[in-house]
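All values reported here derive from a predicted model rather than from experimental measurement. Each chain gets a letter, A, B and so on, in the order its sequence line appears, and its residues count up from 1.
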Amino acid sequence: MKMAKTILDVQDIYTYFYTESGVVEALDGVSFDVYQGEPVGIVGESGCGKTVTAKSTLRILDKNGKTVAGKIIYKGVDLLELPDLQMRKIRGKEIAMIFQDPMTSLNPIFKIDDQMTEVIALHRNCSRREALEYALEALEQVGIADAAARIKDYPHQFSGGQRQRIFIARALALQPSLLIADEPTTALDVTIQAQILELIKEMQKKHGLAMMLITHNLGVVAETTKRVHIFYGGRVVESGPTEDIFIDPKHPYTRALFDSIPSLEKDKHRLATIPGLVPRLINPPKGCRFHPRCKFATEICMRERPPDVIIDKQKGRRVQCHHFEELDLHVDDSTMKERTSIKEET
Amino acid sequence: MVSTFEEYEVIDLFSGWNPKTDPIINLINLKKWFPISEQSILFSRVVAQIKAVDGVNLFLNKGETLGLVGESGCGKSTTARVTVKLEEPTEGSIYFKGIDIFQPMTREEELAIKRQLQMVFQDPYSSLNPRRMVLDLIKEPFDIHFPDMTYEEKESRVLEILTKVGLEDYHALRYPHEFSGGQRQRIGIARALAIHPEVVLLDEPVSALDVSVQAQILNLLHDLQVEFNLTYMFIAHDLSVIKHVSDRVAVMYLGKIMEMSPTGELFRKTAHPYSVSLLSAIPRPDPRIKMDRIILEGDVPSPINPPSGCPFHPRCYKAQEICSQVTPTLDELEPGHFVACHFPEI
Ligand SMILES: Nc1ncnc2c1ncn2[C@@H]1O[C@H](COP(=O)(O)OP(=O)(O)OP(=O)(O)O)[C@@H](O)[C@H]1O
Ligand SMILES: Nc1ncnc2c1ncn2[C@@H]1O[C@H](COP(=O)(O)OP(=O)(O)O)[C@@H](O)[C@H]1O
Ligand code: SF4
Ligand code: SF4
Ligand SMILES: [Mg+2]
Ligand SMILES: [Mg+2]
């Protein structure tokens, strides 16, 4: 196996929000990496720190938030140390982001034209005429019919799926090396989701783009990514190749999360649920943050934070659980089939 | 023991209905159009119609769950709102236990019907009045439907239903913003079920929730259905959720039903090209599966000027000339399997 080159190396970052009711420990020692040209999945329930991780990386946190420790190494440079001016050049040109909500990601008061050509001209250092060419080309690539006419329209004149495609076109026209897509299809229908994912995959291959795909849709992860980082309560609890994570999970949370997907198999049996709620990050649980909901928890889990154990360096296989060596969480073939089959056996 | 409201029941409307042979709800050629009008100082005139629901035929049997699935904007919520008498139909009829619910009737009859038909709304964030305590929110339906009930009885019934949906007594004195999305959805369910309806229309009750919370709510809904012998119409756009909960499924597109059949049959012998495309779009949570999927081009056309003939014809992989000229009717191709297509797959 060829050793892939790391483009983004997030090392032990802590991001806090200072609120009236206390300090929110949103990221509590998050580490993970992304290889050049590779699609990586960032997975976890809402509130576990996925969006905050993306915003910390781009340094676009809300005013009350701050990354207080750690390093974010992008192409060898620590982004947390960069002066503002240089950071501004990284955003868009080097690292582009697609946001969760297609309704709010475009500015409603400007025409698509104005929202695209200006940034393109700035980042690609070209004239506005050339920028317009690039913009039209990108819009056509994402399947906006009649782009030359429609570029004069306002965002509200497009459907949710179209707006998300336009936003992707804008991100891609800047030719970034890393794309961060934060739940790019969560608000969309399956058919539109399929269109967008197909598009992202195609772009990713064609331009050799590295991608962080943030989502809680496990089907999307399975189809789109090569490696996965599982987030829980502001920590990365497990990392590894997508196939290993799905079939041979090492962390109880990973297995529990995957078991709660409604199966496409027919039986009206009860769904497995994870008891309790996602932890609040003001005064989070001590020790392993998953312990109040974990059926394997023991005394040490309540007391000590599990170490970050590297199981297989080559594969980037890591886990944070006191008991992972004793647990067998392997997903057998019939369970896997239940999760995925559409047609029933007759 | 579940207490009923028999002592409060003053009229018997439904004596002609036979639950063994007749559907509990029957929608016949239901249309709901919203006029778009042009205003000027002198006059206001209707310039177009949004054909949100445009000739829906479907039925629900007592005690079953009918899943209603379709892309955003296809008219699912509107169908549900008309079915619970929140809106008047433009054309067509709705029968509840054999009674046309829009025929002229007394206020008592009206209330008796409305009490039996309850709805859980799509958005747990905006469907609850933020200024009212949970106690008052759930008590409100009692005030409307059982004005003679004592305050003590109402209160004890509120507490009873809160327990049933997995909330606690002290939650009664809190306000909606103090709850998580999943808990708010529980409040919405409690509010709909408190007065023991027979039919509950669930409008995307889990779409806004995380997978693990989604599993909890789906289990809860299942338990309540068994306990209260409820009939559900379950609206969703996620087919794996639909497959998990439904006995039968109706697939909707641009204001019309394309296919309706028992759940197993719909997934095993999918007949309508639109249903085939929808199924094909679902990402499967198994990284080893590689699929060739049908990617639908473009977006759902506008309901203002829906395509002539079969509304799906501009995106259909099987369309022939006749499809743009003649609207296919919803025919029973096999017992219980209804399809509206000139060239079905069976
Ligand atoms: N009060 C209204 N006035 C005008 N148009 C409306 C109104 N209510 C709904 N519509 C339109 O009717 C169509 C169907 O809307 P509806 O809310 O029933 O869709 P839906 O299938 O529930 O979609 P979603 O999955 O997004 O909830 C849409 O085009 C919508 O914009
Ligand atoms: N501006 C903020 N102020 C306080 N807390 C915040 C803020 N933004 C995010 N958080 C908290 O940080 C945690 C992680 O949030 P986020 O990264 O948005 O979750 P997700 O994984 O769903 O993207 C949550 O507990 C959230 O409430
Ligand atoms: S460390 Fe303990 S509580 Fe945490 S996941 Fe492992 S077994 Fe469960
Ligand atoms: S009627 Fe024609 S266009 Fe419509 S679904 Fe059937 S084959 Fe396709
Ligand atoms: Mg988020
Ligand atoms: Mg709706």
Side-chain angles (χ1 to χ4, degrees), chain A residues 45-47 143 145 158-162 187-195 197-198 216-226 241-243 245-247 256-275 277-278 293 336-337 339-344 346, chain B residues 65 69-74 180-183 206 209-220 222-223 237-247 263-265 267-270 274 277-291 293-300 302 315:
Chain A
E45 291 167 272
S46 76
F158 295 90
S159 73
Q162 285 174 325
L188 306 174
D189 281 311
V190 270
T191 55
I192 307 295
Q193 167 173 295
Q195 285 176 2
L197 289 179
E198 200 57 31
H216 58 250
N217 184 325
L218 301 171
V220 170
V221 177
E223 292 200 358
T224 320
T225 67
K226 287 252 164 24
T242 306
E243 209 168 305
I245 296 278
F246 273 75
I247 293 154
L257 178 68
F258 285 30
D259 282 344
S260 66
I261 328 172
S263 128
L264 285 163
E265 185 236 18
K266 195 202 172 206
D267 269 41
K268 226 181 180 176
H269 57 70
R270 297 176 66 74
L271 293 167
T273 58
I274 312 176
L277 295 172
V278 182
R293 304 170 77 190
M336 205 64 196
K337 206 159 165 213
R339 281 187 192 162
T340 54
S341 77
I342 292 268
K343 311 255 181 217
E344 276 132 38
T346 28
Chain B
T65 299
V69 64
E71 289 171 87
S72 179
C74 74
S180 70
Q183 286 174 319
V206 297
L209 308 174
D210 261 322
V211 269
S212 68
V213 183
Q214 179 177 313
Q216 294 168 2
I217 299 289
L218 292 179
N219 287 342
L220 170 69
H222 179 67
D223 295 345
H237 64 256
D238 182 338
L239 275 157
S240 40
V241 170
I242 284 284
K243 186 163 187 208
H244 184 79
V245 302
S246 314
D247 300 300
T263 308
E265 182 119 337
F267 287 85
R268 196 169 51 237
K269 291 171 82 177
T270 318
Y274 177 61
S277 315
L278 263 190
L279 285 184
S280 155
I282 307 174
R284 308 297 149 87
D286 183 345
R288 295 167 301 187
I289 296 179
K290 293 279 166 282
M291 325 205 347
R293 63 167 40 105
I294 304 163
I295 304 267
L296 288 181
E297 303 278 321
D299 299 292
V300 182
S302 148
R315 303 167 87 194

How long is the gap from CD on B/Gln214 to NE2 on A/His216, to the nearest 0.5 Å?
-> 8.0 Å
Between CD1 of B/Ile289 and CE of A/Met336, what distance do you get to the nearest 0.5 Å?
-> 7.5 Å
Nearest heavy-atom neighbours spanning [X] and [Y]:
X        : Y        : answer
B/Arg284 : A/Ala222 : O-CB, 3.4 Å
B/Ala215 : A/Ser260 : CB-O, 3.8 Å
B/Pro283 : A/Glu223 : CA-OE2, 3.3 Å

Under the ring-ring contact (aromatic ring centres under 6.0 Å, His included) rule, collect the residues that match up with A/Phe246, sequence neighbours excluded.
-> A/Phe258
Against chain B, label A/Val190 side chain, backbone, both or neither, depending on which of its atoms sit under 4.5 Å from a heavy atom there.
-> both
Measure A/Ile247 against the heavy atoms of chain B and call it side chain, backbone, both or neither at under 4.5 Å.
-> side chain
For B/Asp286, all residues meeting salt bridge (charged side-chain N to carboxylate O under 4.0 Å, His left out), sequence neighbours excluded = B/Arg288
Part of B/Ile294 lying under 4.5 Å from any heavy atom of chain A | neither
Chain B: which of A/Thr191, A/Val220, A/Asn217 shares the most heavy-atom pairs with it under 4.5 Å?
-> A/Thr191
Quick check: does any side chain N or O of A/Gln195 sit under 3.5 Å from a backbone N or O of B/Leu296, one acting as donor and the other as acceptor?
-> yes
